[in-house]
Amino acid sequence: MSRPLHVVGLGGTVRTGSSSEQALRIAVARAAAQGATTRVFAGTELARLPMYAPEAGDGGPVARDLVEHLRRADGVIVASPGYHGSISGLVKNALDYTEDMRDDALPYLADRSVGLIVTAYGWQAAVTTLSALRAIVHALRGWVTPYGAAVNSTQTGFADGCCSEVRVTEQLHTVADEVVRFADLVAARRHQVLSGPQPAER
Ligand SMILES: Cc1cc2nc3c(=O)[nH]c(=O)nc-3n(C[C@H](O)[C@H](O)[C@H](O)COP(=O)(O)O)c2cc1C
């Protein structure tokens, strides 16, 4: 890594022992082990976000913190449960706050690498939710990393921050590795844009 990268983790559920939160934290810890600074926004914190309302102004302290960290982010890791075949409202509401970044020099998630993790109670929702997340991140102009971790929670358990399957832990590490690697590749361009004139000055 040529310079410190900032990786933001976002996701999980409000459920105690949330598997998607634990999977997220495993991936974010891997990014931290590679020298990235990190910040995780997990279920209980995301639940304090009001429903996103365009032009409503301040969404409160968690919203400000989330947007500030996403602005600084070189990479993002998103983890959602599969709820009825797609991402949860909690995670989608958090992602909606990127609308506050629409006029930034790097709007939404532009020029950030974004890794994706889904846990679901079966393969069908795991895969459809991963596809939905990919489409959302593309809409936000983020660079989805190639490997997405689809975790079947009927086969894989999480306890005390550890995963029962070595193979799944490796998959979560692969997501983090790709986020850090791609973020590092495009860091020079991102920092150049961020240090240049802001939209209002152009
Ligand atoms: C409201 C709701 C909807 C769900 N819908 C699906 C579904 O469509 N397909 C599926 O496989 N699992 C579904 N599940 C199960 C969750 O995706 C699964 O248990 C997931 O691992 C929960 O994540 P968590 O451990 O982080 O809370 C649903 C769970 C809830 C609470």
Side-chain angles (χ1 to χ4, degrees), residues 7-33 36 38-52 62-63 65-66 69-70 73 75-98 109 113-140 142 144-179:
V7 172
V8 174
L10 181 165
T13 69
V14 292
R15 200 176 66 77
T16 303
S18 163
S19 59
S20 48
E21 176 177 338
Q22 292 186 72
L24 176 68
R25 290 189 184 278
I26 289 169
V28 170
R30 173 74 165 202
T38 62
R39 170 72 157 90
V40 173
F41 292 87
T44 48
E45 206 168 7
L46 298 183
R48 290 171 50 209
L49 288 169
M51 287 300 289
Y52 183 75
V62 178
D65 205 22
L66 175 65
H69 276 278
L70 288 174
V76 179
I77 301 175
V78 181
S80 176
Y83 274 9
H84 305 152
S86 193
I87 80 166
S88 67
L90 186 79
V91 172
K92 185 59 172 67
N93 186 50
L95 290 171
D96 287 348
Y97 275 86
T98 58
L109 298 180
S113 56
V114 185
L116 303 177
I117 298 164
V118 172
T119 68
Y121 215 63
W123 290 118
Q124 179 168 298
V127 172
T128 57
T129 303
L130 194 58
S131 297
L133 261 180
R134 283 194 175 120
I136 290 165
V137 174
H138 284 153
L140 297 175
V144 179
T145 55
Y147 190 82
V151 180
N152 186 331
S153 43
T154 63
Q155 299 174 2
T156 304
F158 290 85
D160 302 324
C162 295
C163 178
S164 64
E165 305 284 330
V166 174
R167 178 79 190 104
V168 173
T169 301
E170 289 171 353
Q171 290 170 340
L172 298 170
H173 286 173
T174 299
V175 170
D177 290 349
E178 290 187 351
V179 166

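Atoms considered below: every heavy atom in the structure, side chains included; atoms not considered: hydrogens, waters and symmetry mates. Residue indices begin at 1 and follow the sequence shown. All ligand and atom numbering here is 1-based and tracks the order in the structure.
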Can you find a pair of side-chain heavy atoms, one from Gln171 and one from Val175, that are under 4.5 Å apart?
-> no

Are any of the heavy atoms in Gly12 under 4.0 Å away from ligand 1?
-> no

Evaluate the criterion side chain to side chain contact (heavy atoms under 4.5 Å, CB included) for residue pair Thr119 and Thr156; output intermediate values, then yes/no.
-> CA-CA 9 Å; Thr119 68; Thr156 304; over 6 Å; no

Is Gly122 in polar range of ligand 1, meaning some N or O pair under 3.5 Å apart?
-> yes

How far is atom 13 (C) of ligand 1 from its nearest protein heavy atom, and which residue and atom is that?
-> Gly82 O, 3.2 Å

Among non-hydrogen protein atoms, atom 11 (O) of ligand 1 lies closest to Tyr121 N, 3.0 Å

Which residue owns the protein heavy atom closest to atom 22 (C) of ligand 1, what's the atom, and how far is it?
-> Pro81 CB, 3.9 Å

Inspect the surroundings of CD in Gln124 and state if more than 12 heavy atoms from other residues, nucleotides or ligands are less than 6.0 Å away.
-> no

For Leu133 and Val144, what are the C-alpha separation, side-chain angles and deciding distance, and is it a side chain to side chain contact (heavy atoms under 4.5 Å, CB included)?
-> CA-CA 9 Å; Leu133 261 180; Val144 179; over 6 Å; no

Protein heavy-atom partner closest to atom 5 (N) of ligand 1 - residue, atom, separation in Å | His84 N, 2.8 Å

Min N/O separation Tyr83 to ligand 1 under 3.5 Å | no

May I ask you to identify the nearest protein heavy atom to atom 27 (O) of ligand 1, giving residue, atom name and distance to one decimal place in Å?
-> Thr13 OG1, 2.7 Å

Protein contact of atom 9 (N) of ligand 1 - nearest heavy atom, named by residue and atom, plus distance | Ala125 CB, 3.1 Å

Test log, rule side chain to side chain contact (heavy atoms under 4.5 Å, CB included), inputs Ile26 and Arg30 | CA-CA 6 Å; Ile26 289 169; Arg30 173 74 165 202; 6.0 Å; no

Indicate, as side chain, backbone, both or neither, the part of Arg15 found under 4.0 angstrom from ligand 1 when only non-hydrogen atoms are considered.
-> side chain

With a 4.5 Å limit on heavy-atom distance, are the side chains of Leu24 and Ile77 in contact?
-> yes

Is the number of heavy atoms from other residues, nucleotides or ligands within 6.0 Å of OH (Tyr147) greater than 12?
-> yes

Val14, Asn152, Thr119: member with heavy atom nearest to atom 23 (O) of ligand 1 | Thr119

Is any side-chain heavy atom of Pro146 closer than 4.5 Å to a side-chain heavy atom of Glu178?
-> yes

When distances are taken from atom 21 (O) of ligand 1, the protein heavy atom at minimum range is Ser153 OG, 2.9 Å

